[in-house]
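The sequence lines fix the lettering, A, B, ..., with proteins before strands; numbering per chain opens at 1. Predicted model only: the values in this text are computed from it and were never measured.
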Protein chains: 2
Amino acid sequence: MELDRLDRDIIAALVDDARQTYAVIGHRVGLSASAVKRRVDRLRETGAITGFSARVAPRALGWTTEAYVELFCQGKTKPSDIALAVSRFPEVVAAATITGEADALLHIRATDVRHVERVIERIAAQSFVVRTKSSIVLSRLVDTPPGAAVPEARNGSPAPS
Amino acid sequence: MELDRLDRDIIAALVDDARQTYAVIGHRVGLSASAVKRRVDRLRETGAITGFSARVAPRALGWTTEAYVELFCQGKTKPSDIALAVSRFPEVVAAATITGEADALLHIRATDVRHVERVIERIAAQSFVVRTKSSIVLSRLVDTPPGAAVPEARNGSPAPS
DNA sequence: ATTGAAAAAGAGTAGCG
DNA sequence: CGCTACTCTTTTTCAAT
């Protein structure tokens with residue numbers, strides 16, 4: 001699907017604040033409210049925008065600890081096997097297969113370090129898991145909502161002061 | 001701040017769909033529309049809800065490639081130094097200091113592998129960076145919006161079938 | 001302290017040019 | 001695409017528990 005500059009500006013506006021009115025967004029991007037609505041409807045239909053969500057402070061919900069866990073699996077493990085196994089844990093908020101020594105990287109949120117340990121223990125107990133290597137997060141430095149930046153807009157070249 | 005079951009249900013509803021009407025949420029949690037609005041306002045004031053955001057398919061915006069990069073820094077590097085340096089790159093969507101051999105882990109989104117390479121190159125050029133170790137994401141298996149799950153609700157013990 | 005109901009203000013939606 | 005008219009939501013106010 002083809003996105004023009006207007007679509008990208010609208011998306012950026014909605015990522016910033018999904019509850020802005022169409023009129024406000026329209027003023028920001030130079031369009032009427034109804035034109036914005038039509039484009040937003042189209043962006044949802046085509047799947048560019050997948051939904052609208054409240055941003056939550058994980059701490060407020062009790063998720064005070066997070067960790068990244070590298071997964072080393074047996075030779076013939078399929079990505080779908082890993083996906084199926086780890087998606088059963090609500091603590092696993094992200095998972096991906098990766099290049100390098102490990103086969104997959106998991107992002108885990110838990111209530112405390114003990115909780116992290118329990119989850120890792122259960123994941124390590126899966127038959128296809130050979131070993132795990134965990135890193136507890138000490139402090140989060142950056143956490144950008146996806147879609148905030150646009151590739152074409154800036155090309156990621158901050159002047160390295 | 002103290003969150004009761006109603007607050008958590010409301011948050012879960014808003015994470016699921018931030019554009020549901022207060023009336024619909026109220027019906028779902030057993031409250032009137034105005035009661036829901038008051039609670040949402042309070043949740044925003046206290047910082048439990050930090051905002052509302054459109055969920056975007058990164059691919060639709062041109063972010064087709066992602067990578068995780070471990071950062072090994074010089075002995076006396078402060079977390080704030082790392083934060084300052086990497087937050088200048090729109091491609092760095094997440095960053096955290098971690099336990100283990102590496103000092104920090106970065107999550108990068110880029111348009112292609114060449115782009116990932118360029119960004120890593122620029123980050124590695126920072127004075128405090130000793131070396132980096134990157135893993136390109138092959139396929140994303142899980143990507144849960146934060147706040148979808150609630151610690152107290154289920155305790156992360158799926159029956160290991 | 002928090003709720004539900006009702007009135008007023010505002011925004012979403014659909015059809016028109 | 002922009003404009004207008006209509007409908008539904010949000011927001012405020014008020015009384016009650």
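Under the 3.5 Å distance criterion, the side-chain polar atoms of B:S135 are left unmatched by any main-chain donor or acceptor of A:G100.
Counting only residues at least two apart or on different chains, no side chain to side chain donor-acceptor pair (under 3.5 Å) pair has a member in residues 70-82 of chain B. Applying the salt bridge (Lys or Arg N to Asp or Glu O under 4.0 Å) test to residues at least two apart or on different chains, the pairs with a partner in residues 123-137 of chain B are A:E101-B:K133.
Summarising the geometry, the separation between CG on B:L14 and P on D:dT10 is reported as 10 Å, rounded to the nearest angstrom. Taking atom CD1 of residue B:I10 and atom P of nucleotide C:dT2, one finds them 12 Å apart after rounding to whole Å. In this structure, A:D17 places its CG atom 13 Å from P of C:dA11, rounding to the nearest Å. In this structure, CD1 of A:I25 is placed 12 Å from P of C:dT13, rounded to the nearest angstrom. Atom C1' of nucleotide C:dT2 and atom CG of B:D7 are separated by 12 Å, given to the nearest angstrom. Taking atom CD of residue B:Q20 and atom P of nucleotide D:dT10, one finds them 10 Å apart after rounding to whole Å.
Among the protein residues, A:T21 comes within range of the sugar-phosphate backbone only, with heavy atoms under 4.0 Å from sugar or phosphate atoms but none that close to a base.
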(request) Check the pair A:F52 / A:L14 against side-chain contact (heavy atoms from CB on, under 4.5 Å), numbers first and verdict last. (result) CA-CA 9 Å; A:F52 300 95; A:L14 286 173; 4.1 Å; yes
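Shown here are the side-chain hydrogen bond (donor to acceptor under 3.5 Å, both in side chains) partners of B:R19, two or more places apart in sequence or in another chain: A:Y22.
More than 12 heavy atoms of other shown residues, nucleotides or ligands fall within 6.0 angstrom of atom CZ in B:R140.
Grouped with B:V137 in one hydrophobic cluster are A:Y68, A:I98, A:L105, A:V137, B:Y68, B:I98, B:L105, the linkage being side-chain heavy-atom contacts under 4.5 Å among Ile, Leu, Val, Met, Phe, Trp and Tyr residues.
Checked against B:E91 for a side chain to side chain donor-acceptor pair (under 3.5 Å), the options B:H115, B:R109, B:H107, B:R122 give a single hit: B:H115.
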(message) Protein within reach of the bases, or only the backbone? For nucleotides 11-17 of chain D, mark each nucleotide 5' to 3' as B, S or -, using heavy atoms under 4.0 Å.
(response) SBB----
(request) Using a 3.5 Å limit on both pairing distances, list the dot-bracket string of DNA chain D from the 5' end; Watson-Crick and G-U wobble pairs count, crossing pairs take [ ], interstrand pairs take |. (result) |||||.|||.|||||||
